[in-house]
Asker: 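Structure in structure tokens, see below.
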Amino acid sequence: MSDECVFCAIMAGDAPGVRVDEDETTYAFMDIHPATDGHLLVIPKRHSKDLFEIAPEDLSAVTRSAQRIAKTAVEVFGADGVNILNCCGAAAWQTVYHFHLHVIPRYTDRAKDRLVLPWQPGVAADAHTLSTLGERLAGALTEPGKH
């Protein structure tokens, strides 16, 4: 728990929030600024700032909870699909620094779904750039003692 974290406060009952689900490791609640009808958040109970800080076992638990909740949300809300989203760092739109997964039911009915893609799928990247970036990342991942 962090004394300054709004998500920790919601989980503790010290800030308003609509609880959806809870287990030993995770807590899920409705997003107060939803992109779609039924948009919710799944967090680890143990405070961690972001994807880089979260313990692997907490990440696994949050992911499993998000999957279970997403399946149920699609059924309950009659959604046509679902997005699972994590934002890590200010440049990636993170605004609350407690790791969380957004579970965002998606609808063809635009009255229920206000979310639009921030990039254009189907627009191919330069093959040389893809190759160069892929090789750099692959090389870094295989360096002994790193990552």
Side-chain angles (χ1 to χ4, degrees), residues 1-126 129-131 133-138 140-142 146-147:
M1 278 276 185
S2 170
D3 291 336
E4 299 174 16
C5 174
V6 66
F7 288 177
C8 287
I10 290 169
M11 191 172 37
D14 297 332
V18 177
R19 182 188 156 282
V20 172
D21 190 61
E22 180 176 7
D23 61 27
E24 291 178 13
T25 310
T26 68
Y27 189 87
F29 57 99
M30 300 304 293
D31 192 311
I32 63 168
H33 299 119
T36 69
D37 290 1
H39 179 172
L40 63 112
L41 305 173
V42 182
I43 65 172
K45 287 186 172 179
R46 183 172 28 185
H47 182 88
S48 55
K49 181 177 84 172
D50 58 25
L51 180 64
F52 303 138
E53 187 178 287
I54 189 170
E57 60 274 12
D58 288 348
L59 178 60
S60 178
V62 169
T63 302
R64 284 191 310 271
S65 290
Q67 180 187 40
R68 183 175 55 78
I69 293 167
K71 286 178 182 179
T72 304
V74 166
E75 292 170 11
V76 169
F77 299 134
D80 302 301
V82 66
N83 286 113
I84 303 294
L85 175 68
N86 171 255
C87 303
C88 182
W93 313 317
Q94 186 175 8
T95 57
V96 176
Y97 290 87
H98 182 128
F99 178 84
H100 55 287
L101 291 180
H102 293 261
V103 177
I104 308 170
R106 300 307 308 273
Y107 307 90
T108 55
D109 180 351
R110 300 315 298 167
K112 296 178 179 183
D113 193 321
R114 296 155 301 283
L115 186 62
V116 294
L117 278 171
W119 79 93
Q120 292 180 321
V123 177
D126 173 71
T129 301
L130 285 178
S131 177
L133 294 173
E135 288 171 9
R136 282 179 55 199
L137 185 57
L141 289 169
T142 58
K146 296 240 181 177
H147 315 284

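Every heavy atom of this structure was used, including side-chain atoms; hydrogens, water molecules and symmetry mates were not.
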Asker: Could you please spell out the steps behind the ring-ring contact (aromatic ring centres under 6.0 Å, His included) verdict for F7 and Y27?
Answerer: CA-CA 10 Å; F7 288 177; Y27 189 87; 9.8 Å; no
Asker: What distance separates T26 OG1 from M11 CE, expressed to the nearest 0.5 Å?
Answerer: 10.0 Å
Asker: Would a distance-only check, ignoring hydrogens and angles, find a side-chain to backbone donor-acceptor pair under 3.5 Å from D37 to D113?
Answerer: no
Asker: Would you give the length of the straight line joining atom CD of Q94 to atom CZ of F99, rounded to the nearest 0.5 angstrom?
Answerer: 9.0 Å
Asker: Verify whether one side chain among T63 and Q67 offers a donor that lies under 3.5 Å from an acceptor in the other.
Answerer: no
Asker: Please check if the number of heavy atoms outside R136 that lie under 6.0 Å from its CZ is greater than 12.
Answerer: no
Asker: Working note: V20 + V42, criterion side chain to side chain contact (heavy atoms under 4.5 Å, CB included); need CA distance, chi angles, decisive distance, verdict.
Answerer: CA-CA 9 Å; V20 172; V42 182; over 6 Å; no
Asker: Kindly compute the distance separating CD1 (I54) from CG (L101), expressed to the nearest 0.5 Å.
Answerer: 7.5 Å
Asker: Rounded to the nearest 0.5 Å, what separates atom CG in D23 from atom OG in S65?
Answerer: 4.5 Å
Asker: Just by distance, do the side chain of D80 and the backbone of T108 share a donor-acceptor pair under 3.5 Å?
Answerer: yes
Asker: Quick one: do V82 and R106 satisfy side chain to side chain contact (heavy atoms under 4.5 Å, CB included)? Show the steps, please.
Answerer: CA-CA 5 Å; V82 66; R106 300 307 308 273; 5.5 Å; no
Asker: Sub-3.5 Å donor-acceptor pair from the side chain of T36 to the main-chain atoms of P105, do we have one?
Answerer: yes
Asker: For L40 and A28, work out which heavy atoms get closest and say how close.
Answerer: CD1-CB, 4.2 Å
Asker: With no hydrogens and no angle check, just 3.5 Å: does a side-chain donor-acceptor pair link S60 and R64?
Answerer: yes
Asker: For residues Y107 and A79, report the shortest heavy-atom separation together with the two atoms involved.
Answerer: CE2-CA, 3.6 Å
Asker: Quick one: pull up NE2 in H98 and CD in E53 and give me the separation to the nearest 0.5 Å.
Answerer: 10.0 Å
Asker: Using the side chain to side chain contact (heavy atoms under 4.5 Å, CB included) rule, take L115 and H39 through it: C-alpha gap first, then chi angles, then the decisive distance, then the call.
Answerer: CA-CA 11 Å; L115 186 62; H39 179 172; over 6 Å; no
Asker: Can you tell me how far the CD1 atom of I43 sits from the CD1 atom of I10, to the nearest 0.5 Å?
Answerer: 7.5 Å
Asker: What heavy-atom pair brings C88 and F52 nearest, and what distance separates the two atoms?
Answerer: SG-CE1, 3.5 Å
Asker: Give the minimum heavy-atom separation between H33 and D31, together with the two atoms involved.
Answerer: N-OD1, 2.7 Å
